[in-house]
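Notes for the one structure printed next.
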Amino acid sequence: MIQRTTNTIDSGGAAPPRWRRLATTSAAAALLGAGLVAGPAAAAPASSGHADRPSTGRHSTATDLDVLFVGAHPDDESGRLSTFGQWGEQFGSRVGVVTITRGEGGGNAVGPEEGPALGVIREREERAAVGTAGVEDVFNLDKVDFYYSVSAPLHQQAWDEEDTLERLVRIVRETRPDVVVTMTPAPTPGNHGGHQQAARLAAEAYAVAGDPRRFRSQITKEGLRAYAPDKLFLNSARGSGPAGSSCPRAFTPTDPTDDVYGVWAGGRSASGKTWALVEREAQRKYASQGWAGFPDPSTDPQAIGCDYFTQVASRVPFARGDQSAAAASPAAMLHGAVLQAPRGLPLGTGLELTGETVDLVPGQSVTLTARLTAPPRARLVQATGTVVLPEGWRGTRSVRFGTVPRGRTVTRQVTVTAPADAAPNTRALIGLDVRSGSRTGYTNQKLSVTPDVSGTQQLLPQVAEFEAWAPTVGLPQLRGLVAPVLTLPSGGSRTVGIDVTNRSDTPQSGTVTVDLPDGFATADDTVAYEDLAPGATQRVEIEVTNTDDTLPTSNEGGAGGDYAYTITTTSTSGSSTATAALELVPTAQVGETAAPTLDGTVAPGEYASTLDLSRRWEGDACTSPADCSATGYVTRAGDDLYVAAEVTDDVKSAVLAASDCKRHWRVDSLEVAIDPTGTSENTSTTFKIGALPFTAEGQSCAARDADNRQGPIGAFPMAGEGGSDETTLDPGNVAPGFEMASAVTAPYTGYVIEMKIPLSALPATVDPDRMGFNMFVYDSDTQDKAGQTRLGWSTWGGVQGDPYRWGRVELGGGATPQVETTPPTLNFPALDSLDSPQSVEQAVRSGVGLSGLPTLDPRRTARVVRATVRGGTAIVTVDVRQRGTAHLFAVAGADAREVGSTEVALRPGRHQVRIPVTARPTSVLLGFDPDRSEGTASSSVRVR
């Protein structure tokens with residue numbers, strides 16, 4: 001029986017803002033995160049290419065994919081559709097997309113729909129978008145989409161990680177892709193937590209789908225077979241590259257050992273359009289996300305850049321992206337997996353170089369395993385391998401595999417030794433060239449050179465969690481993608497932990513010394529550690545103070561917001577250095593005053609503190625203070641916090657109806673964010689309010705969003721422009737005692753919003769010495785419900801989801817009211833694939849079940865056998881073998897446009913079901929949910 005996913009946890013502010021989305025085809029676009037060459041993968045046989053695939057057993061589908069993209073939301077694949085389109089048109093490669101959610105929590109620029117109704121819209125947009133690039137298959141896992149969050153752990157909780165992985169593995173085993181492409185799994189600043197978790201799930205599925213011990217019932221009960229994809233890529237790369245046709249080979253990676261591939265979007269499709277234009281036309285299908293007005297890319301192909309990808313794992317031979325003209329071909333990523341590489345080893349050959357450890361100290365040796373597998377239908381004759389070592393490294397230079405029989409694997413050991421003077425904290429690439437007759441293949445392994453003893457600044461909890469995860473899926477060298485940073489308040493202090501790790505074979509003692517940047521100090525910049533056992537880690541602590549409170553804070557401070565410093569660790573083996581960074585957040589001392597009058601006017605002396613809200617954290621720069629700027633105000637009056645913002649804005653945004661008072665980032669708005677204890681790891685334990693200064697009804701309005709408890713608060717007085725002075729509170733008020741007023745100038749030059757926030761309405765008792773606080777101003781000069789500029793007090797990219805980067809408020813006025821801590825509300829509805837005619841139609845066509853759940857035989861559950869139309873009614877005959885619920889859709893056209901539907905519970909037997917229709921359907925679809933079986937059955941019939 002299908003399980004509805006309604007009370008677990010999009011994109012929220014997650015629809016990527018206009019300013020980021022426009023860069024997707026640029027060579028300099030969001031080179032966010034990256035991957036490194038994989039370490040050992042879970043035990044699984046290498047797949048053998050389409051031509052050599054064995055039978056899938058009792059269960060088979062009509063869908064056999066070459067490439068599978070795994071994303072969190074509709075549109076996550078949109079920045080790589082030029083590549084996917086090229087692969088389909090030029091090489092006949094079939095690409096499919098897994099979308100874990102339908103983006104129900106995101107914005108909606110085309111109407112008031114939200115939840116499942118928005119999911120219907122976004123699924124249609126996605127299918128239309130990817131169809132523009134020739135992609136036919138979109139597999140929805142029906143997991144819950146929720147507000148913008150940069151927390152992968154929160155998404156793990158919301159999606160039920162093991163259940164989602166099982167669904168994804170089932171789709172991999174059903175569709176058998178050679179290549180998996182996904183997003184960036186690391187918690188790099190601003191990286192959406194859903195994107196992180198989707199990438200982690202893709203990596204985990206790559207690792208375990210070939211292991212018959214995992215999700216064994218898929219094999220024993222469903223008739224699937226274990227299947228291991230050949231390659232795993234991230235749809236990003238660290239580094240930079242030029243525009244133009246040279247971009248595939250002219251990319252400069254930040255880490256020279258990264259395997260980066262570029263696919264130029266300036267070539268022309270069969271339609272005569274550049275692939276960049278094909279991709280842009282696809283992106284415009286996402287009208288609900290405000291993308292319909294995206295401009296055309298350049299008409300000069302040489303001004304168009306590459307889509308870049310980083311290979312993080314491979315079980316087959318490959319060529320590095322910078323090694324040859326063939327490696328720069330659009331087919332390079334497919335070589336060895338989907339396509340035969342020029343003069344390459346036969347398709348179906350497996351080749352890996354792996355090791356139990358990828359970390360070693362200078363002078364240390366490590367043994368790697370070279371594994372060569374012959375295709376099922378061809379042997380490899382007198383195969384030999386040449387080991388490619390970096391300069392100064394020693395070790396095995398050649399290996400002899402001999403003749404490898406069909407389908408058999410031969411392993412050989414390769415020992416390499418790092419130079420005694422190897423620079424620590426560097427990476428080295430160990431290559432292996434294999435030859436059999438006139439054919440060759442290549443693989444590699446990345447090793448990390450680390451000091452005997454090193455000290456590193458403590459990691460943020462989410463970063464530490466990611467670092468622990470990466471080795472569990474055979475990708476240990478994804479570690480280190482996120483630089484260690486910690487925040488401290490301007491003019492304040494904090495304890496900084498330094499984690500000292502001993503990688504030598506003997507106990508170590510020594511010191512840790514920090515060389516802090518100007519404006520920061522510690523009472524003792526050197527601390528000792530003693531008797532640190534081999535393999536152990538010990539934390540030492542220092543107290544750091546910002547001694548110069550005039551230093552710029554937020555993203556205006558240091559280099560990109562970071563004040564870097566050096567950590568030097570000594571031991572009996574010598575010394576090592578590491579870099580880290582401190583980030584300053586603004587602070588405010590908020591005293592107590594009489595309660596301000598909420599009238600949309602900030603009178604002199606009403607508020608105790610003034611905040612600069614004119615700093616940009618995302619989007620277009622303000623052309624002048626008149627274009628966008630703001631000042632914030634905060635005070636305490638008894639047990640209430642009062643906040644206000646005076647916003648200067650020269651163009652009024654689209655005006656929403658009060659009933660559409662949600663997803664405030666689409667239009668001119670103010671957001672206030674409070675972390676009561678100053679310790680929240682994500683916004684689920686905070687209090688956030690988004691406020692619209694004006695609505696179509698002449699009122700302002702507010703709603704809680706992306707926090708501990710979401711929902712509308714109500715409509716409030718609005719002065720100016722004929723505004724209303726009425727207050728309308730929602731019956732299910734989620735912020736008891738909250739009050740607000742706004743004033744809008746006439747003619748329009750901006751607005752003022754004032755709020756009263758009872759401290760008792762917060763999700764926990766306020767710590768008056770360290771309360772986290774932020775204010776954000778969203779500016780839109782358009783009428784298409786798409787934001788342009790984001791300003792605020794404490795500002796970094798993605799800061800609305802990063803409470804640790806919010807400012808710090810010290811509240812005067814004595815003790816704050818005691819509040820019982822409340823668990824976060826994560827109760828959001830998601831569209832079920834049974835309620836999507838497009839999903840049901842695909843399930844019928846592809847043979848792949850709905851929602852990533854088991855595929856049931858319609859002949860043993862329920863199937864639609866006949867359909868006719870009389871007047872405005874479709875009369876459908878359903879043959880039922882198991883009791884369950886029938887989801888019936890009368891559809892018209894190739895896009896399965898719904899013209900009527902019904903849902904009815906049925907017992908075994910033959911039934912006639914009537915469906916009122918608004919137009920003559922061409923077919924009827926049935927998605928059946930049996931009461932006593934896990935999974936769904938799908939069928940269809942032409943209307944007679």
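- In this structure, the side chains of Leu141 and Val98 come closer than 4.5 Å at one or more pairs of heavy atoms.
- Atom CG in Leu656 sits 8.5 Å away from atom NZ in Lys662 (nearest 0.5 Å).
- Distance CG/Leu165 to CD/Gln156: 11.0 Å, rounded to 0.5 Å.
- Between Leu906 and Arg883, the closest side-chain pair of non-hydrogen atoms is not below 4.5 Å.
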Please lay out, stage by stage, how Ser653 and Ser780 fare under the test side chain to side chain donor-acceptor pair (under 3.5 Å).
CA-CA 5 Å; Ser653 72; Ser780 173; 5.2 Å; no

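- With Asp802 contributing its side chain and Tyr804 its backbone, the two residues share no donor-acceptor pair below 3.5 Å.
- Closest of all the heavy-atom pairs between Leu925 and Ser940 is CD2-CB, 3.6 Å.
- Of all heavy-atom pairs between Ile915 and Gly900, the closest is CG2-C, 3.6 Å.
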Side chain to side chain donor-acceptor pair (under 3.5 Å) for Thr184 and Ser236? Distances and angles first, verdict last.
CA-CA 7 Å; Thr184 301; Ser236 58; 2.9 Å; yes

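- The minimum heavy-atom distance linking Glu126 with Val97 is given by the pair OE2-CG1, 3.8 Å.
- Between the side chains of Ser288 and Glu125, at least one donor-acceptor pair of N or O atoms lies under 3.5 Å.
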If you apply the rule side chain to side chain contact (heavy atoms under 4.5 Å, CB included), what do you find for Phe889 with Ser836, and how did you get there?
CA-CA 9 Å; Phe889 301 92; Ser836 165; over 6 Å; no

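- A search for side chain to side chain donor-acceptor pair (under 3.5 Å) contacts involving Gln882 returns Ser933, not counting sequence neighbours.
- For the pair Tyr778 (side chain) and Arg790 (backbone), a donor-acceptor distance under 3.5 Å is absent.
- Of the possible donor and acceptor atoms, none in the side chain of Gln462 sits under 3.5 Å from a partner among the backbone N and O of Pro153.
- Ionic pairing of Arg200 and Glu465 is present here: one or more N-O contacts between side-chain nitrogen and carboxylate oxygen are shorter than 4.0 angstrom.
- Between the side chain of Tyr286 and the main chain of Asp75, a donor-acceptor pair closer than 3.5 Å is present.
- Look at Arg167 and Asp142 and you find no salt bridge, because none of the NZ, NE, NH1 or NH2 atoms lies under 4.0 Å from a carboxylate O.
- For His887 and Phe928, the ring centers are positioned 6.0 Å apart or more.
- Checked for salt-bridge contact, Asp895 and Arg897 miss the test: no charged N lies under 4.0 Å from a carboxylate O.
- Trp469 places no side-chain N or O within 3.5 Å of a backbone atom of Glu467 that could act as its donor or acceptor partner.
- Note on Asp675 versus Arg805: no salt bridge recorded, every NZ/NE/NH1/NH2 to OD/OE distance being 4.0 Å or above.
- The line from CG of Asp835 to CG of Asp929 is 9.5 Å long, rounded to the nearest 0.5 Å.
- The aromatic rings of His155 and Trp159 sit perpendicular, their planes meeting at an angle over 60°, well past the 30° parallel limit.
- The number of heavy atoms from other shown groups lying within 6.0 Å of NZ (Lys285) does not exceed 12.
- Separation of atoms CD (Glu123) and CG (Leu118) is listed at 12.0 Å; rounding is to 0.5 Å.
- In this model, no donor atom of one side chain and acceptor atom of the other lie less than 3.5 Å apart for Ser680 and Thr686.
- When all heavy atoms of Arg102 and Pro74 are compared, the pair lying nearest together is C-CD, 3.3 Å.
- Ring geometry for Phe84 versus Phe309: interplanar angle of 30 to 60°, hence tilted.
- Taking the six-membered ring where tryptophan is involved, the planes of Trp617 and Phe776 are tilted, since the angle between them lies from 30° to 60°.
- Counting heavy atoms from C-beta outward, Phe466 and Gln196 have side chains that stay 4.5 Å or more apart.
- Ser851 places no side-chain N or O within donor-acceptor distance of the main-chain N or O of Leu853, the cut-off being under 3.5 Å.
- Checking side-chain atoms of Arg124 against main-chain N and O of Ile121 turns up no donor-acceptor pair under 3.5 Å.
- Arg284 and Glu279 are not joined by a salt bridge, as no carboxylate oxygen comes within less than 4.0 angstrom of a charged side-chain nitrogen.
- Expressed to the nearest 0.5 Å, how far CZ of Phe828 lies from CD of Glu114 amounts to 10.5 Å.
- Using modelled atom types, one side-chain atom of Arg122 and one backbone atom of Gly103 make a donor-acceptor pair closer than 3.5 Å.
- Classification of Asp160 and Lys143 as a salt-bridged pair fails, no side-chain N sitting under 4.0 Å from a carboxylate O.
- Looking at Arg704 and Asp707, a side-chain N of the basic residue comes within less than 4.0 Å of a carboxylate O on the acidic one, giving a salt bridge.
- For the pair Thr132 (side chain) and Ala128 (backbone), a donor-acceptor distance under 3.5 Å is present.
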Decide yes or no on side chain to side chain donor-acceptor pair (under 3.5 Å) for Thr99 and Asp76, but give the supporting numbers first.
CA-CA 8 Å; Thr99 304; Asp76 284 348; over 6 Å; no

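- Between Asn191 and Val150, every side-chain heavy-atom pair lies at or beyond the 4.5 Å cut-off.
- Using a 4.0 Å cut-off between a side-chain N of Lys or Arg and a carboxylate O of Asp or Glu, Glu671 and Lys688 qualify as a salt bridge.
- Heavy-atom minimum distance, Phe687 versus Pro763: CB-CD, 3.8 Å.
- Atom OG of Ser149 and atom CG of Asn682 lie 5.0 Å apart (nearest 0.5 Å).
- Not a single donor-acceptor pair under 3.5 Å links the side chain of Thr472 to the backbone N or O of Ala470.
- With respect to the salt-bridge test (charged N to carboxylate O, under 4.0 angstrom), the residues Glu222 and Arg170 qualify.
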When you look at Gln710 and Asp705, which way does the side chain to side chain donor-acceptor pair (under 3.5 Å) test go after all the steps?
CA-CA 5 Å; Gln710 306 85 44; Asp705 177 80; over 6 Å; no

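- Closest approach of Val70 and Thr182 over heavy atoms only: O-OG1, 3.0 Å.
- Considering only heavy atoms from C-beta on, Phe233 stays 4.5 Å or farther from Val180 through its side chain.
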